[in-house]
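Here is the structure we will look at, set down as structure tokens.
Because the structure is a prediction, the values reported are computed rather than measured. A note on names: the letters A, B, ... follow the listed sequences, proteins ahead of strands, and every chain is numbered from 1.
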Amino acid sequence: MALELSHITKTFRSGGAEVCALQDCSFTVNDGEFVSLIGPSGCGKSTMLYIAAGLEEATSGSVMLDDCYLRGPGKDRGMVFQNYTLYPWLTVEQNIKFPFRLKANTDYARPSAAIMGEIEYAGHLLEIMGLAQFRNRYPRELSGGMKQRVAIARALTNKPRILLMDEPFGALDAQTREELQELMLLLGLYEKTTTLLVTHDIEEAIYLADRIVVLSARPGRILEEITVPFPKDRLLDIKLTPEFLALKRRLVDLLHAGGRPSSGRAEILERLGQHFHATTGTPVTTTTNQQQP
Amino acid sequence: MTGLLSPRRPIPRPFYWGSAALGFVVLLCVWEWAAGYYAAQGKQVLFPSPAAVGQVVQNMVRGATTGQEPAAREFQNFAADLRISFFRVTAAFALAALTAIPLGVMIGSYRVGEAFIQPVTEFIRYIPVPALIPLLIVIFGIEETSKIMLIYLGTFFQLMLMVSDEIRRVPYDLVQAVYTMGGTRREAVTEVLLPASWPGIVDALRLCNGWAWSWLIVAELVAANEGMGFRIVKYQRFLQTDKIFFYLVALGVIGLLLDLAFRLFSKIAFRWNVAARN
Ligand SMILES: Nc1ncnc2c1ncn2[C@@H]1O[C@H](COP(=O)(O)OP(=O)(O)O)[C@@H](O)[C@H]1O
Ligand SMILES: [Mg+2]
């Protein structure tokens, strides 16, 4: 078992009021497994990931990595953030080599073989992420998709036990997002990375994951764990198969248990109808929720 | 939206430089007009015309090249004033930078440092620095030390607070990222907060250098026997306003050149940082 979160509870205290973000959540990520964590916005997904990364402390509960209790962040857990957290004063290559730079700060007498190995590994990461021809660019000269590739490569530089990702593709356009999804999938296939991905994109969660952990609205509790019944090697086309769509439907219903948030529809229709009626006098017929399957 | 009057949009280069030149032309016209106004009342000595100041410049150049008296003497005075004033500003400014940058980084990085230093300095900062002049003279005498201290006190506090603001402006994400890569808390400061803030710090230095020149003149107006400020007071006594104007123009040119030097340095040293202008 690579990562094991047990009975995680997190309460934020802000201005006297207490906000319970996570309540008694337990789940694991196995070696070589890809787990997606989904849930409605504000339910505590990021908080959970930051607790796993050691950047945030749980109010109660424990985090274990390879059966060792963890406290605080460490390079055994690589992280890709929602915002691009590349260092703008470093080139693509320097960003990817940044963890080696940190190592050099404390370990002065590394054998030159180790240093050669590092240079080689950085080159390997540049190649597999398709960044080789951008190695000397600065982050401001890159598109959003390219920036996130660099961030992924940088998180892999330390060869972490697990890769933690917080909505890494949320800000990208649909096409770039699918490109990166495919890259992540194939990367997992070749490098056997263990990954925990937080996302609010249900399709992304299914396409990439071996298993999906579903959180409820705040306070976040684990609603269900779903094993994705597809082989590890998947084509993007799988998103259009009936099995995929059925699973998507199931997740949508889970996330919106207690009614989809289209309860605003009636209100909008009323406002539109009134205005429209006043100006043209022609009534409009629309479908209601009940009429749709 | 394009066009000369679209807010924040770039305009063609010739228009930009043309407008810049026009600004100087307008300044000259206002000056010429004011000088003419005084001259009409027979008081041209109170407000010299651009031509009269041009005459002073010509005189200086003649003094520098031919060694003819009294032009040569005037030029030597000017050169000596420039040298000593430059020394005073630079010494005080270097001292301010060397002390304010580390302290500012400390305040911006560590809340303990902020609590320890900032409230105290906010208090000291509101004591008007000119009010300290008599005290400085009593303590440090009328030699160089008191002048350098005045310039130092005038710039140090501002610079320290500006540096701490630059550190605080760095997104916290960047710090969290260094921890997940195995970085220590110290490395969060040295490898992330500081490099991210350098362009802002250099910009703060640029502004503070301008203020240092203002404090220099304050110091030299009060007590000095050489320097740009001292010479201006001296010419005032002899009603040589044309020479005062020459010194004012010289101060303006020095400020402009130093400003340009800082900007140029920033542009070359921080190629990665493009201020979002468009
Ligand atoms: N530092 C904080 N202080 C107070 N409340 C917070 C803090 N961080 C997050 N929260 C609250 O905790 C809840 C979960 O936040 P988050 O984990 O960011 O949600 P998600 O990533 O699922 O959208 C939100 O309601 C948010 O307002
Ligand atoms: Mg989030």
Side-chain angles (χ1 to χ4, degrees), chain A residues 46 49-50 52-56 70-92 94-107 136-142 147 150-166, chain B residues 8 10 101-102 104-105 108-111 163 165-206 262-278:
Chain A
S46 297
L49 204 69
Y50 276 59
L55 293 171
E56 193 86 68
L70 289 178
R71 244 190 116 83
K75 58 186 173 190
D76 45 8
R77 284 147 293 154
M79 177 113 169
V80 178
F81 295 81
Q82 186 168 6
N83 303 320
Y84 315 111
T85 52
L86 300 182
Y87 296 133
W89 59 94
L90 299 176
T91 61
V92 167
Q94 289 167 333
N95 262 290
I96 291 176
K97 285 183 173 168
F98 187 80
F100 296 144
R101 186 189 159 91
L102 295 176
K103 210 181 282 175
N105 280 345
T106 45
D107 188 5
N136 293 322
R137 297 255 191 114
Y138 284 104
R140 67 169 167 85
E141 301 166 315
L142 299 178
K147 280 186 204 168
V150 180
I152 295 165
R154 190 181 65 174
L156 291 173
T157 301
N158 276 325
K159 302 188 183 168
R161 281 289 289 121
I162 185 167
L163 186 61
L164 307 169
M165 306 175 94
D166 188 10
Chain B
R8 306 196 39 185
I101 293 175
V105 170
S109 303
Y110 305 107
R111 291 291 171 93
V163 170
D165 273 342
E166 287 303 326
I167 297 278
R168 277 190 282 251
R169 240 198 294 278
V170 179
Y172 190 61
D173 285 4
L174 297 189
V175 174
Q176 291 188 310
V178 81
Y179 291 144
T180 64
M181 288 184 272
T184 61
R185 290 186 289 192
R186 217 186 78 177
E187 282 168 326
V189 178
T190 58
E191 299 288 340
V192 179
L193 292 176
L194 198 53
S197 308
W198 271 126
I201 293 176
V202 170
D203 212 43
L205 286 174
R206 179 177 66 84
F262 273 103
R263 283 178 197 274
L264 196 66
F265 173 79
S266 245
K267 206 169 165 178
I268 295 167
F270 310 122
R271 225 165 37 81
W272 56 270
N273 180 51
V274 169
R277 283 204 63 185
N278 296 339

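Residues Trp89(A) and Val192(B) approach most closely at CH2-O, 3.5 Å, considering heavy atoms. For Gln176(B) against Tyr50(A), the heavy-atom pair with the smallest separation is OE1-CE2, 3.2 Å. Shortest non-hydrogen contact noted between Pro99(A) and Met181(B) is CG-SD, 3.6 Å. Contact record, Tyr179(B) with Pro73(A): CB-CG, 3.6 Å, taken as the closest heavy-atom pair.
Remark: side-chain polar atoms of Tyr87(A) are paired, donor with acceptor, to backbone N or O of Leu174(B) under 3.5 angstrom.
Contacts with chain B were tallied for Gly72(A), Gly78(A), Pro88(A); Pro88(A) has the most, counting heavy-atom pairs under 4.5 Å.
The 12-atom threshold is not exceeded at CZ of Arg185(B), counting heavy atoms of other residues, nucleotides or ligands nearer than 6.0 Å.
Here CG of Leu90(A) is found 9.0 Å from CH2 of Trp272(B). Values are rounded to the nearest 0.5 Å. We find the OG1-CG distance between Thr190(B) and Asn105(A) to be 6.5 Å, quoted to the nearest 0.5 Å. Between atom CG of residue Asp173(B) and atom OH of residue Tyr84(A) there is a gap of 12.5 Å, rounded to the nearest 0.5 Å.
Heavy atoms closer than 4.5 Å to chain A are found in the side chain of Glu187(B), but not in its backbone. Residue Leu86(A) touches chain B through its backbone alone, counting heavy-atom pairs closer than 4.5 Å. The part of Arg77(A) that comes within reach of chain B is its backbone (N, CA, C, O), which places non-hydrogen atoms under 4.5 angstrom from that chain. Using a 4.5 Å cut-off between heavy atoms, Arg101(A) touches chain B through its side chain atoms alone.
Residues Glu191(B) and Phe98(A) have side chains in contact (heavy-atom distance under 4.5 Å, counting atoms from C-beta outward).
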